[in-house]
Amino acid sequence: MTATVNIPDNPLLIGQGLPTFDAIAPEHVIPAITELLTELEGSLAALEASVEPTWSGLVEPLQQLGERLNWSWSIVGHLMGVKNSPELRSAHETVQPEVVKFWSKVSQSKPLYEAFKALRANKNWDNLESAQQRIVEAALRDAQLSGVGLEGEQKERFNAIQLELAEITTQFSNHVLDATKAFSITLTNKEEIDGLPPSLLSLAAQAARSAGAENADAENGPWRITLDFPSYGPFMQHSTRRELREKLYKAFIGRASSGELNNWPLTDRILALRQEKAALLGFNSYAELSLASKMAPDVAAVEALLEELRQASYSAAVKDLEELKAFAAAKGAPESGDLKHWDMGFWSERQREEKFAFSAEELRPYFALPQVLDGLFGLVKRLFGVTVTAADGQAPVWHKDVRYFQIDDEAGNTIANFYLDPYSRPEEKRGGAWMNDCVVRAKFVEAGKTITRLPVAYLVCNQSPPVDGKPSLMTFLEVETLFHEFGHGLQHMLTTVDYPGASGINNVEWDAVELPSQFMENWCYDRATLFGMAKHYQTGETLPEHYYQKLLAARHYMSGSVMLRQVHFSSIDIELHHRYQSGGSETVADVRNRIAKTTTVLPPLKEDAFLCAFGHIFAGGYAAGYYSYKWAEVLSADAFAAFEEAGLEDEDAIASTGKRFRETVLGLGGSLHPMEVFKTFRGREPSTKALLRHSGLVAA
């Protein structure tokens, strides 16, 4: 090992167990990753020289090598999402190219690839478990998709593309974070806050205090409104000041589209590089390359699903808009004949309040985070027989608001743990919500003893923080988001697969990975679940029955518009990655506007730069894969229908169906193809009927 300052004390070099977040600082990153890569280069060379085409001679040592780097590097990636800072960015930027080069070297290793081919062709192939076979087959496919077959100039060009993509997608993400952070409106008089609910005024006063207005309070202001969703969303729904809504809306859709943070050139460059990468590998488009490792067979199948959903939702969305205009007209709104984008949230919220006689704000006091967690944990015990308990203090955390929990099985054995980072922190944390793995389940032998390493998950949300001595009072949408991310967490934590390469969400086709998360959202409307968690944070009173009925009635409110919006995003994504040519007659924005003609009922404004903040496809894992939400929703709705058919009131039936779901969808991870997993659970292939019924777009 090459000596570097403080290496013995570097918390990023422990290589296993829980990260010591309280000890990790940005200055640890460069020495740790540099040291680690030097060590791993040697390990890789030794493995290539002595590799045997067997499970223990190839897969296990390669997995150990990968896990050493993954452990350290994934902590850095996690902190980039939740504790971003100029120092961390700079360190990340310095070592990221070396990490990318190392992974390219591993995935393009000819000796390892030949060994995998020999293992696949071996007469003992059938003796391997299905999880092992899937891991080997994925390794062969991934090597091919990583350019193992390229030589000379083509290989050099491929690796240069990989490096540049890693750099500019990170840059894209940083621009969005910075642009979101850079804009705010400070309101100083009562007229400007007309219509805003108390929860937003408290949050806005707290934001003003954080920005230096020491005496800001909810009653007298000043109030700082930002583009962070817990601030932006409620403002657009409730502010009666149309000109302020317009200002905020235009700032939101213009994020990262000009000046130093301009992402337009990056969108084009990212698409051009992906297209070139796909061509080098022999694909006609990046979408074809993306689908080579997904459940959907080809682009035509994806587009057929999107078109089926578009036809089911388009006329419903047109009707939604007409009804909204009529409603605004009945209220004497001068803008009713020509509703703009910044009017939609406001008027749809007014219409929903009148139609269903409740407001989203009225429900918040019933959804304090502690009660919602109790309800969520009660549900997973009811469905899957596991118990979740607080384990705060047993693991170091990266922020004082982060919680730590453990999951025990029926026999009282701990089987998993997870961190929960619930609140929005716009100054350092990227928007949205996500689940990531911290530790992956695995079984291995150490000093003659078999040890099972338990999985640990990160669950990250961006909900309204506690304000003015009250707990975090959640909107119903925030409740659904928490359930969604917990669904991902369950697949990671309740896995029964002992090989890390197929454990949890590893090796699960990307368009099936949303199945457990979207499945969990359905339970927010389940009577027993809802009444188990909806308790008033001050009085303890359970949510009144009439609110539950209204929630059910409002579930399908504007669902045509909601569905069409997802189809719009998915269609743009596929079009950009399948047919778009950088430098051709159309720009990226032109493509979006063309697609919008058949997938929106209110065309985008000419200054709409939404694509500049579309991190899912330009900086995340959803490139040519955004359709996955809808693809998996077909599976998740059909899976939930199994519980409806069993009878949601029948506890024994729910428990036995839940056991089957746990053993198949949650337990089998990437050890079988998702279609096989689904058929094992459901007894047949999936159908779109349940999704359309749950969306209120066809009669039950």
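Note that this is a predicted model, so its numbers are computed, not measured.
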For R565, look at atom CZ and say whether over 12 heavy atoms of other residues, nucleotides or ligands are found less than 6.0 Å away.
-> no

Pair Q275, Y580: side-chain N/O donor-acceptor within cut-off below 3.5 Å = no

Verdict with reasoning, Y626 to Y629, per ring pair (Phe, Tyr, Trp, His ring centres under 6.0 Å) = CA-CA 6 Å; Y626 198 82; Y629 283 105; 5.2 Å; yes

Quick one: does R310's side chain get under 4.5 Å of S571's, heavy atoms only?
-> no

Let me see the working for K443 and E60 under salt bridge (charged side-chain N to carboxylate O under 4.0 Å, His left out), right down to the final yes or no.
-> CA-CA 11 Å; K443 238 182 203 166; E60 285 179 356; over 6 Å; no

Basic-acidic side-chain contact under 4.0 Å: K110, E151 = yes

Should the pair D178-R89 be classified as a salt bridge under the 4.0 Å nitrogen-to-oxygen rule?
-> yes

Does the cation-pi check pass for R255 over F252, that is, NZ or CZ under 6.0 Å from the six-membered ring centre and within 45° of its axis?
-> yes

Test salt bridge (charged side-chain N to carboxylate O under 4.0 Å, His left out), reference D638, set K679, R684, K689, output is R684

Taking every non-hydrogen atom, the tightest pair across V567 and L306 = CG1-O, 3.8 Å

Counting only N and O atoms by type, is there a donor-acceptor contact under 3.5 Å from the side chain of S290 to the main-chain atoms of A624?
-> yes

Y627 and Y622: CA distance, side-chain angles, deciding distance, ring pair (Phe, Tyr, Trp, His ring centres under 6.0 Å) verdict = CA-CA 8 Å; Y627 76 89; Y622 285 86; 9.4 Å; no

